[in-house]
Number of protein chains: 2
Amino acid sequence: MRIAEFDREFVLRQAMLAFMQHGYAKTSMQKLTQVTALHPGSLYAAFGNKKGIFLAAIEQYQADRNQQFTALFCQHKPVLPSLRQYLDSIVNECISGDAMKVCLLTKSISEVEGQDSQISHVLMTNLNAYENALAEQFERAIKAGEIPNTRTAEHLARFLAMGLYGLRTYALTNRCEQDLSQLADDLYHAMCN
Amino acid sequence: MRIAEFDREFVLRQAMLAFMQHGYAKTSMQKLTQVTALHPGSLYAAFGNKKGIFLAAIEQYQADRNQQFTALFCQHKPVLPSLRQYLDSIVNECISGDAMKVCLLTKSISEVEGQDSQISHVLMTNLNAYENALAEQFERAIKAGEIPNTRTAEHLARFLAMGLYGLRTYALTNRCEQDLSQLADDLYHAMCN
DNA sequence: CCTTATCTTGAATGTACACTCAAGATAAGG
DNA sequence: CCTTATCTTGAGTGTACATTCAAGATAAGG
C-alpha cells in the first residue's frame with residue numbers, strides 16, 4: 001500500500017488560480033503540472049482528465065467562497081454592514097491585479113457556454129446557489145427592518161448578483177479605484193431603498 | 001490585375017459571430033474558413049493572421065453597434081424612451097439563444113485579459129468609447145430635464161455600463177424572460193432618480 | 001487574344017496539445 | 001525484511017491547430 005503524497009486542496013487551489021488567470025481552454029496540462037508540481041500521470045490518476053481537474057477546482061472554489069461568505073454574513077450580525085464590507089472586498093479584488101480579480105464561475109460560464117453542457121450546468125447551479133445565499137441575507141435584513149420590504153429578497157439578490165457580475169467585468173475596462181468604489185457605493189444604496 | 005471577390009463585411013460579420021459563439025481561442029481557422037467560405041490563403045492574404053481577423057471583426061462589430069446606437073438615440077428625440085427601447089432590445093438578445101446574446105467586447109476582454117495586451121487595449125478603448133456614448137446621452141437627458149442632475153452623466157453612464165455587462169452575464173445563469181425584464185426595469189429606474 | 005499582376009486553392013509543415021503507459025519508487029502488512 | 005498494492009515519473013503518441021506556399025485560375029491593360 002502507499003498513500004497519495006500530494007495535498008489535494010493545495011493542488012486544486014493552484015489549478016483554480018491557473019484557470020482564473022488563463023481560462024479553461026488556454027490552461028494547458030503542462031501549465032497545470034507546473035503550478036501543482038504534479039506529473040501528468042498523477043493528475044490523470046487523481047482527476048481523470050483536464051475536465052475532471054477543472055470540475056474539482058470549481059468545487060474547491062465554491063467551497064472556499066462559501067466559507068468566506070458565511071464567515072462574513074454571520075447570522076447574529078446585522079446584514080448591511082457585512083454587505084458593505086463584502087462590496088469593499090470585491091472592489092479590492094478587482095483592483096488587486098492578481099487572478100482573484102475575476103470570478104472563476106462567471107468567467108468560465110462565459111467561456112464554455114454552448115460548448116460543454118455538463119460544465120455549464122455545474123457553473124449555473126453554483127451561481128444560482130450564490131444568488132440564493134444572497135437572497136437569504138436579504139430575507140434576514142428585511143425581517144430585521146434593515147431594508148424596507150418594497151422588493152422581495154429574491155428580487156434584491158438578483159439585482160445585486162447582476163451588479164457584482166457587472167462590476168467585475170467593468171473593472172477590466174477601468175481600474176480606477178475611485179470609480180469602482182463609487183459603483184460599489186451605488187450598488188449598496190440601490191439595495192437600501 | 002484581378003480584384004478580390006469576397007465581400008469584406010460579410011466575411012467579418014461571419015467571423016464576428018463565430019468569435020462570439022466560440023470565443024477567440026476556440027474559433028479555429030478551419031471554422032473561420034467554413035463560416036466565411038474563404039480558403040486559408042485568402043484569409044491570410046486579407047488579414048495577415050488569426051489575430052488580424054479578430055481585430056478586423058472587432059472593428060466591424062463596433063461599427064455595426066455604433067450605427068444601431070446612433071439610430072436609436074437620435075439627437076432630436078427624448079433620451080428616456082430610447083433608453084427603454086435599448087434595454088428591451090438587450091433583454092431580447094439575451095433571451096434569443098443565438099450568438100448575439102453575448103457582447104463580443106466584454107466576452108473577449110474577459111478571455112484575453114493578461115494574454116494579449118494589444119487586443120486588450122483595443123477592447124478597452126472600444127468599451128470606453130461605448131461608455132462615453134452613453135454619457136453623451138445622459139448629458140442630453142440632464143440638459144433636457146428628463147433626469148435630475150443629482151449625478152453626473154459620466155457617473156450614470158458608468159453605472160449603466162456596469163449594469164449592462166452584468167445583465168448579459170446574469171442571463172447566462174438565468175434565462176427567465178420575466179426576471180431579465182425586471183432587471184432591465186430596475187436599471188432603467190436606477191437611472192431616473 | 002495575349003500578357004501579367006493578383007487572387008484562389010488546398011495540400012503540406014511544424015508546433016503544441018491532451019492523454020497514455022510501462023518502468024521505477026515507496027510505504028503498509030505480514 | 002520481504003511482499004505487494006499503489007503511487008510517481010516522464011518519455012512517447014496521436015491529434016488538432018495556425019500558418020505557409022507553390023500551382024492554378026481569373027480579370028484588367030495593351
Side-chain angles (χ1 to χ4, degrees), chain A residues 1-58 104 108 111-112 114-120 122, chain B residues 1-58 104 108 111-112 114-120 122:
Chain A
M1 310 290 182
R2 192 181 166 197
I3 220 82
E5 284 171 7
F6 63 86
D7 176 350
R8 187 185 162 92
E9 285 196 8
F10 170 79
V11 163
L12 288 180
R13 275 198 261 267
Q14 291 297 111
M16 185 184 99
L17 289 167
F19 285 126
M20 287 198 273
Q21 196 171 357
H22 307 104
Y24 177 51
K26 296 266 310 184
T27 300
S28 65
M29 285 303 301
Q30 196 184 5
K31 191 92 206 164
L32 287 171
T33 61
Q34 284 167 14
V35 299
T36 61
L38 251 48
H39 289 252
S42 299
L43 281 171
Y44 281 93
F47 304 106
N49 52 26
K50 185 180 167 180
K51 182 167 156 181
I53 304 172
F54 188 53
L55 290 170
I58 287 169
L104 177 62
S108 300
E111 179 182 349
V112 308
Q115 285 181 40
D116 187 308
S117 58
Q118 189 192 354
I119 297 177
S120 284
V122 167
Chain B
M1 310 290 184
R2 191 182 167 197
I3 220 78
E5 285 172 5
F6 64 85
D7 175 350
R8 188 185 161 93
E9 285 197 8
F10 170 78
V11 163
L12 288 180
R13 277 198 260 267
Q14 291 296 111
M16 185 183 101
L17 290 168
F19 285 125
M20 288 197 272
Q21 194 171 357
H22 307 104
Y24 178 51
K26 296 264 312 182
T27 300
S28 64
M29 285 303 300
Q30 196 184 4
K31 191 90 205 166
L32 288 171
T33 62
Q34 283 167 14
V35 298
T36 61
L38 250 48
H39 289 252
S42 299
L43 281 172
Y44 280 93
F47 304 107
N49 52 26
K50 185 179 167 181
K51 182 167 155 181
I53 303 172
F54 188 53
L55 290 170
I58 288 169
L104 177 62
S108 300
E111 178 181 351
V112 308
Q115 286 181 39
D116 188 308
S117 57
Q118 188 192 354
I119 297 177
S120 284
V122 167

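Only a predicted model underlies this, so the values are computations on that prediction, with no experimental measurement involved.
- Heavy atoms only, all atoms of each residue included: A:Ala57 and A:Leu12 are closest at N-CD2, 3.9 Å.
- Put simply, NE2 on A:His22 is 15 Å from C1' on C:dC17, counting in whole angstrom units.
- The interatomic distance linking A:Lys31 (NZ) with C:dA16 (C1') rounds to 14 Å, in whole Å.
- Atom CG of B:Leu38 and atom P of C:dG10 are 12 Å apart (whole Å).
- Across all strands shown, C:dA22 forms a Watson-Crick or G-U wobble pair with D:dT9, both key distances being under 3.5 Å.
- Counting to the nearest Å, the C1' atom of C:dA12 and the OH atom of B:Tyr44 are 14 Å from each other.
- If you check D:dT15 for Watson-Crick or wobble pairing at under 3.5 angstrom, you find it paired to C:dA16.
- Counting to the nearest Å, the P atom of D:dC17 and the CG atom of B:Leu32 are 11 Å from each other.
- Across the protein-nucleic acid pair, A:Gln30 atom CD and C:dA18 atom C1' stand 11 Å apart, rounded to whole Å.
- Judged by distance alone, with hydrogens and angles left aside, the side-chain atoms of A:Lys51 form no donor-acceptor pair with the main-chain N or O of A:Asp116 at under 3.5 Å.
- Listed here is the closest heavy atom pair of B:Phe10 and B:Thr36: CE2-O, 4.2 Å.
- Nearest-nucleotide positions on DNA chain C for A:Thr27 and A:Ser42 put A:Thr27 closer to the 5' end.
- In this structure, the side chain of B:Lys26 does not engage the main chain of B:Gln21 through any donor-acceptor pair within 3.5 Å.
- Relative ring orientation between B:Tyr24 and B:Phe19 is described as tilted, the plane-to-plane angle lying within the 30° to 60° band.
- Place A:Lys51 and B:Leu43 on DNA chain C by their nearest nucleotides, and B:Leu43 ends up nearer the 5' end.
- Between the CD atom of A:Gln34 and the C1' atom of C:dA16 there is a distance of 13 Å, given to the nearest Å.
- Remark: C1' of C:dA12 and NE2 of B:His39 are 16 Å apart, rounded to the nearest angstrom.
- In this structure, C:dG29 forms a base pair with D:dC2, meeting either the Watson-Crick or the G-U wobble geometry with both donor-acceptor distances under 3.5 Å.
- The side chain of B:Pro40 lies closest to C:dA11, out of C:dA11, D:dA18, C:dC19.
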